[in-house]
Amino acid sequence: MTIGRGARDGAPPRADAPECREGPETARRPRPTGRDRPAIPGDTRRRLRLAGLASPAGRARAFTLETLADWSWSATTPGVDADVAGDVVLVVAELVANSVAHGGGPLELVLDATGTRLRIEVSDSGTLLPAPRRSHHPELPGGHGLFIVERVTDRWGVERHAWGKTVWAEVDAKRLAPGT
């Protein structure tokens with residue numbers, strides 16, 4: 001686990017922010033089809049405000065599925081490893097669930113894609129740093145979330161902020177679309 005110095009843009013998620021903020025570089029465009037469809041997105045970032053939602057994990061999963069489809073990284077896209085795409089959705093659900101259980105509830109989900117990796121970030125106002133349970137016992141309830149995150153991602157860590165923390169995980173792009 002690594003601990004960073006803070007958010008990339010240095011500011012906490014705003015409670016009054018729209019549900020999904022997209023700048024010109026991440027604006028939704030019509031989905032390309034066939035040969036025009038890129039195998040890996042360019043530098044793209046999407047945000048979803050989760051603060052105050054009744055079902056943040058469900059909304060985060062739906063947002064992730066939609067975003068992966070927009071970026072041509074969905075489980076149904078030819079050339080994409082469906083298991084890895086499914087793992088991305090699972091990691092989002094686990095990080096959001098951990099935030100609900102241990103961090104006071106999620107504030108924001110960020111999906112940040114480059115040609116080399118997909119980064120998942122879940123921010124909350126909690127100060128307790130996550131740590132996977134050692135002596136993992138699959139037969140016991142609870143404590144499996146970070147074990148799963150650790151197993152299915154290439155890297156994960158935590159960034160502390162004055163207002164809380166961001167737990168992040170990364171999946172290498174070559175695992176999502178191995179033929180590229």
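If you read the sequence from its start, that first residue is 1, and numbering goes on from there.
Rounded to the nearest 0.5 angstrom, Thr44 OG1 and Trp71 CH2 are separated by 5.5 Å. Atom-to-atom distance recorded for Leu95:CG and Thr153:OG1 is 8.5 Å, nearest 0.5 angstrom. To the nearest 0.5 Å, atoms CD (Glu108) and OG (Ser99) are separated by 11.5 Å.
Looking at Glu170 and Arg155, a side-chain N of the basic residue comes within less than 4.0 Å of a carboxylate O on the acidic one, giving a salt bridge. A salt bridge links Glu159 and Arg119; the closest N-O separation between the charged side-chain nitrogens and carboxylate oxygens is under 4.0 Å.
Pairing each heavy atom of Ala60 with each of Leu48, the nearest pair is CA-CD2, 4.0 Å. Nearest heavy atom pair, residue Gly105 against residue Asp124, reads O-CB, 3.2 Å. When every heavy atom of Gly103 is checked against every heavy atom of Lys165, the shortest pair comes out as CA-NZ, 4.0 Å. Listed here is the closest heavy atom pair of Ala173 and Gly115: CB-O, 3.5 Å. Listed here is the closest heavy atom pair of Thr166 and Ser123: OG1-OG, 2.7 Å. Taking each heavy atom of Ser72 and Val80 in turn, the nearest pair found is O-CG2, 3.4 Å.
For the side chain to side chain donor-acceptor pair (under 3.5 Å) with Arg175, the lone residue among Asp154, Asp81, Asp83 that qualifies is Asp154. Results of the side chain to side chain donor-acceptor pair (under 3.5 Å) test with Asp112 over Arg47, Arg46, Arg117 single out Arg117 as the only residue that passes.
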Q: Could you give me the CA-CA distance, side-chain angles and deciding distance for Leu90 and Ile148, then say whether side chain to side chain contact (heavy atoms under 4.5 Å, CB included) is met?
A: CA-CA 9 Å; Leu90 175 63; Ile148 291 168; 3.5 Å; yes
Q: Assess whether side chain to side chain contact (heavy atoms under 4.5 Å, CB included) is satisfied between Leu111 and Phe63, documenting all intermediate values.
A: CA-CA 10 Å; Leu111 300 175; Phe63 175 80; 3.9 Å; yes
(Q) Please determine whether side chain to side chain contact (heavy atoms under 4.5 Å, CB included) holds for the pair Trp163 and Leu107, giving the CA-CA distance in whole Å, both sets of side-chain angles, and the decisive distance to 0.1 Å. (A) CA-CA 11 Å; Trp163 46 265; Leu107 299 173; 4.1 Å; yes
(Q) Please determine whether side chain to side chain contact (heavy atoms under 4.5 Å, CB included) holds for the pair Trp168 and Ile120, giving the CA-CA distance in whole Å, both sets of side-chain angles, and the decisive distance to 0.1 Å. (A) CA-CA 5 Å; Trp168 58 267; Ile120 302 158; over 6 Å; no
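Proximity of Asn98 to Leu146: side-chain heavy atoms (C-beta onward) are separated by under 4.5 Å at one or more points. Inter-residue side-chain proximity for Pro106 and Val100 is flagged as met; some heavy-atom pair is nearer than 4.5 Å. In this structure the side chain of Val122 never reaches within 4.5 angstrom of the side chain of Val110, judged on heavy atoms. The side-chain heavy atoms of Leu118 and Leu68, taken from C-beta on, include a pair separated by under 4.5 Å. Contact of the Val158 side chain with the Pro130 side chain is registered, since non-hydrogen atoms from C-beta on lie closer than 4.5 Å.
Under the 4.5 Å side-chain heavy-atom criterion for grouping Ile, Leu, Val, Met, Phe, Trp and Tyr, Leu128 is not connected to Phe147 through any hydrophobic cluster.
Side-chain polar atoms of Thr77 and Ser74 form a donor-acceptor pair below 3.5 angstrom.
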